[in-house]
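Quick one: structure below, then a few questions.
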Amino acid sequence: MSDHYPLPDEDDDALTLPPDEGEMSDAPLKDPPPRRVRTVKPRRNPLPYNLVTLVMLLLTCSLVVYIGLIWQNPYSTLNPLAPPTLLPRIVTATLTVTPTLTPTETRTPSRTPTPSETFTPAPTATFTAVFIEGFSTPFGTPPAEPVDYPYVLQNDRLIYLTNPDGRGACRWSSIAGSVVDANGVAVEGYGIRIVGEGVDQTIATGSSPGFGPGGFELPLGTTAQDAVFIAQLLDATGFPASPVYTVETRADCTQNIAAMRFVPR
């Protein structure tokens, strides 16, 4: 008798499948998970950023040009911190005292003239015209005797200066100078009377500090010119404090400022 082993399909017992696999489930189907939608952000408009960049570039270029202009000409009106006016070139000339101050025997002037008023110094003020001892007629009467005035022109010389380019260069003519005491300190409250060529003005010392301590300046025109004037230093009461000097201005553009340096005798 041979051994016989039944095959699976011959087995009396049928194969049973799990209910989940062999039978259809009555449960409802689930929806598939939603798909992610990639959102693309809109690109920003570059125009505002380009405009800001352009404005900054223009401002930078303007600043470079502005600095270059001031570097080339520090005296430019564009410079809010311009340096004081420099007087770089000096030409000296021997000054000749006016020869018309010879005393006459027929005139007996007062030795103590009384000024018309007392001057109150101010940066831009000018003196009221007063009687000036030593001026020839019609400006005054020469003294009967030589007078030792407290101030004289330094080295008896007139100094000629070149007007800087920042002040008009050759388009200028003036008489300027300074007044100092024995210690080199500015003497302010005095005046310089200048007469000639239709001019009769008295300028306060200290009104133009660019010419040094006790500096002063009287503009004469916008062109260098050959002309002759007379000038004298007055004290705070209007009394003469120096001899009368002849001042010659020049049409030379390198010598269009005639400067007077008054120092104690």
Side-chain angles (χ1 to χ4, degrees), residues 85-103 126-127 129-143 146-147 149-165 167-180 187 190-208 210-234 240-265:
T85 301
L86 300 179
L87 304 173
R89 190 177 302 174
I90 298 178
V91 181
T92 60
T94 303
L95 186 72
T96 304
V97 180
T98 305
T100 57
L101 301 181
T102 304
T126 57
F127 289 6
V130 297
F131 175 84
I132 297 184
E133 184 179 40
F135 271 31
S136 58
T137 305
F139 304 113
T141 304
V147 178
Y149 295 100
Y151 285 88
V152 294
L153 207 58
Q154 187 178 34
N155 299 326
D156 288 331
R157 285 186 175 185
L158 195 67
I159 303 174
Y160 289 93
L161 309 174
T162 302
N163 189 51
D165 293 339
R167 299 201 329 156
C170 193
R171 299 187 301 275
W172 188 261
S173 179
S174 66
I175 297 175
S178 63
V179 184
V180 297
V187 175
Y190 278 38
I192 307 293
R193 185 179 180 188
I194 300 172
V195 179
E197 300 292 332
V199 175
D200 186 355
Q201 294 189 36
T202 304
I203 308 302
T205 60
S207 58
S208 296
F211 289 92
F216 61 89
E217 183 181 25
L218 175 63
L220 300 174
T222 55
T223 57
Q225 56 180 299
D226 290 321
V228 179
F229 302 83
I230 53 177
Q232 186 176 39
L233 178 65
L234 308 178
S242 78
V244 178
Y245 292 100
T246 298
V247 181
E248 296 182 2
T249 59
R250 296 181 178 179
D252 187 345
C253 291
T254 64
Q255 303 178 22
N256 53 349
I257 299 178
M260 309 176 72
R261 307 294 190 192
F262 286 97
V263 295
R265 178 180 293 274

> How far apart are the C-alpha atoms of Phe262 and Ser178, what are their side-chain angles, what is the distance that settles it, and do they pass the side chain to side chain contact (heavy atoms under 4.5 Å, CB included) test?
Replying inline: CA-CA 6 Å; Phe262 286 97; Ser178 63; over 6 Å; no
Residues Gly177 and Phe211: closest non-hydrogen pair is O-CB, 3.6 Å
Say you draw a straight line from CG of Asp200 to CD1 of Ile194; how long is it, rounded to the nearest 0.5 Å?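 Separation between the atoms: 10.0 Å.
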Interatomic distance, CD@Glu197 vs CG@Leu220, rounded to 0.5 Å, equals 9.0 Å
* Asked: What orientation do Tyr190 and Tyr151 show, parallel under 30°, tilted 30 to 60°, or perpendicular over 60°?
  -> perpendicular
In sequence, state the C-alpha distance, the side-chain angles, and the governing distance for Ser174 and Leu218, and then conclude on side chain to side chain contact (heavy atoms under 4.5 Å, CB included).
CA-CA 5 Å; Ser174 66; Leu218 175 63; 5.9 Å; no
Next item on the list: Find the distance between OG1 (Thr162) and CD (Gln255) and round it off to the nearest 0.5 Å.
Entry: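 Output value for this atom pair is 7.0 Å.
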Heavy-atom pair with the smallest gap, counting every atom of Leu233 and Val179:
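Heavy atoms only, the tightest pair is CD1-CG2, 3.9 Å.
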Exercise for review: Would you please say whether a donor-acceptor pair under 3.5 Å links the side chains of Gln225 and Thr249?
Suggested key: no
dist Gln201:CD -> Phe229:CZ (nearest 0.5 Å) comes out at 10.5 Å
| Heavy-atom donor-acceptor pair, Asp252 side chain to Thr254 backbone, under 3.5 Å |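 Judged by distance alone, yes, a pair lies under 3.5 Å.
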Minimal heavy-atom distance between Asn256 and Asn163, with the atoms involved, is OD1-N, 3.1 Å
Closest non-hydrogen atom pair between Val152 and Pro264, with its separation: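 So the two residues come closest at CG2-O, 4.5 Å.
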What one should report as the nearest heavy-atom pair of Leu158 and Ala258 is CD2-CB, 4.1 Å
If I compare all heavy atoms of Asp226 with all of Arg250, which pair ends up nearest, and what's the gap?
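Scanning both residues completely, I find the closest heavy atoms to be OD1-CA, 3.2 Å.
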Exercise for the section: Please lay out, stage by stage, how Leu234 and Ile192 fare under the test side chain to side chain contact (heavy atoms under 4.5 Å, CB included). Expected result: CA-CA 6 Å; Leu234 308 178; Ile192 307 293; over 6 Å; no
When rounded to the nearest 0.5 Å, the distance separating OH of Tyr245 from CD1 of Ile230 is 13.5 Å
How long is the gap from CG on Leu153 to CZ on Arg265, to the nearest 0.5 Å?
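Interatomic distance, Leu153 CG to Arg265 CZ, rounded to 0.5 Å: 11.5 Å.
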